[in-house]
Amino acid sequence: MTDSSGRGETAEERARFERLFRENVAYVIHTLRRLGVREADLEDVAHEVFLVVHRKWADYDPSRPLKPWLFGIAMRCGAAQRRRASVRRELPTDPQAHTALQRVGTPADSPELAERRALVHRALEFVHESRRPVLILHDLDGVSMPDIVAELGIPLNTGYSRLRLARAEMRETLKALSGGELP
């Protein structure tokens, strides 16, 4: 393997990257799912994320938290996947088929937990795309707002405003979905 400078990777660099992959692949897949990437595309998009991570690893500032950096890359890869024409044509129009795609959890999930997770994933789809990353990073991943705005490149007050609006959208959507009506 060669890095962006064209030189070969050392065994230590390869091992470090493999460890980074193993420790974070589940987080990246979970993040992509929250961002609305179709279940059928999760593995491919996750691999794209780690290709970008590998390419940009030299640019990563280790004094900053890793997960917001990974989230930013996952967010951009997921958005690119959704923009592709082939994906837009393949999206299911049958609401039951769409719901089936969202009912994926881990094997250890109880049916109730899997149902709640599916409801949250479904509700996240109705949060505006510009606000969804702030909500996921802050409320679901527990990342601090200064780290979020640094990764997303937005002003601090914009971050808090997006969080407030996203929470309101999420509440309205969860209320509607729990009542059986879509917003």
Side-chain angles (χ1 to χ4, degrees), residues 1-39 41-84 104-106 108-109 117 120-121 123-171:
M1 241 187 224
T2 60
D3 65 13
S4 59
S5 68
R7 67 173 176 78
E9 275 186 327
T10 66
E12 183 180 320
E13 290 168 328
R14 247 188 324 278
R16 193 175 80 215
F17 183 78
E18 288 172 10
R19 187 173 52 253
L20 169 83
F21 176 83
R22 278 192 318 275
E23 291 173 357
N24 293 285
V25 69
Y27 170 76
V28 167
I29 289 172
H30 190 64
T31 295
L32 291 168
R33 187 177 287 127
R34 288 172 168 172
L35 290 169
V37 172
R38 293 177 335 134
E39 203 62 37
D41 298 325
L42 282 174
E43 188 175 324
D44 290 340
V45 180
H47 282 116
E48 286 179 37
V49 168
F50 283 100
L51 286 172
V52 172
V53 167
H54 187 268
R55 202 170 46 246
K56 295 183 176 243
W57 185 246
D59 299 334
Y60 172 65
D61 176 4
S63 69
R64 294 183 53 203
L66 178 65
K67 287 199 176 177
W69 185 69
L70 290 172
F71 185 96
I73 295 170
M75 181 181 69
R76 288 184 281 286
C77 288
Q81 175 72 7
R82 286 190 307 275
R83 282 192 302 268
R84 291 188 186 112
V104 176
T106 62
D109 285 351
R117 180 174 284 127
V120 169
H121 286 169
L124 282 170
E125 294 175 20
F126 291 93
V127 175
H128 191 275
E129 269 191 53
S130 68
R131 296 185 277 273
R132 189 180 312 150
V134 176
L135 178 71
I136 292 170
L137 280 167
H138 189 273
D139 286 2
L140 301 179
D141 290 348
V143 176
S144 72
M145 190 58 73
D147 289 336
I148 294 169
V149 300
E151 182 55 43
L152 299 179
I154 58 175
L156 184 62
N157 287 339
T158 300
Y160 281 115
S161 176
R162 287 183 184 180
L163 179 61
R164 180 182 53 77
L165 292 169
R167 284 174 173 167
E169 288 173 331
M170 190 74 169
R171 271 192 303 275

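If you're wondering where the values come from, they're calculated on a predicted model, not measured in any experiment.
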Considering all heavy atoms, the nearest [X]-[Y] contact:
X      : Y      : value
Asp147 : Pro65  : OD2-CG, 3.1 Å
Leu156 : Pro146 : CD1-N, 4.4 Å
Val49  : Ala74  : CG2-CA, 3.6 Å
Ala166 : Val127 : CB-CG1, 3.8 Å
Pro133 : Leu152 : CB-CD1, 4.3 Å
Pro68  : Leu137 : CA-CD2, 4.3 Å

Any Lys/Arg nitrogen of Lys56 or Asp59 sitting under 4.0 Å from an Asp/Glu carboxylate oxygen of the other?
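The answer is no: the pair does not qualify as a salt bridge.
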From [X] atom [atom1] to [Y] atom [atom2], the distance as rounded to the nearest 0.5 Å:
X      : Y      : atom1 : atom2 : result
His138 : Arg167 : NE2   : CZ    : 6.0 Å
Glu169 : Arg164 : CD    : CZ    : 10.5 Å
Cys77  : Asp41  : SG    : CG    : 12.5 Å
Arg131 : Leu165 : CZ    : CG    : 5.0 Å

Using the ring centroid of each side chain, check whether Trp69 and Tyr60 are separated by less than 6.0 Å.
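Close enough - the centres of the two rings lie under 6.0 Å apart.
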Between the main-chain N or O of [Y] and the side-chain N or O of [X], is there a donor-acceptor pair closer than 3.5 Å?
X      : Y      : result
His54  : Phe50  : no
Asn24  : Leu20  : yes
Asp141 : Val143 : no

Does Glu151 form a salt bridge (Lys or Arg N to Asp or Glu O under 4.0 Å) with Arg76? I'd like the steps, not just the answer.
CA-CA 12 Å; Glu151 182 55 43; Arg76 288 184 281 286; 3.7 Å; yes
Side chains of Arg117 and His121: is there a donor and an acceptor less than 3.5 Å apart?
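The criterion, which ignores hydrogens and geometry beyond distance, is not satisfied for His121 and Arg117.
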Is the closest side-chain heavy-atom distance between [X] and [Y] below 4.5 Å?
X      : Y      : value
Glu13  : Trp57  : no
Val134 : Met145 : yes
Val53  : Phe17  : yes
Gln81  : Asp44  : no
His128 : Ser130 : yes
Val120 : Met170 : yes
Arg132 : Leu135 : no

Where do Ile136 and Leu124 land on the side-chain contact (heavy atoms from CB on, under 4.5 Å) test, with the steps shown first?
CA-CA 9 Å; Ile136 292 170; Leu124 282 170; 4.1 Å; yes
Output, in order, the C-alpha distance, side-chain angles, deciding distance and verdict of side-chain contact (heavy atoms from CB on, under 4.5 Å) for Arg55 and Val52.
CA-CA 5 Å; Arg55 202 170 46 246; Val52 172; 3.3 Å; yes
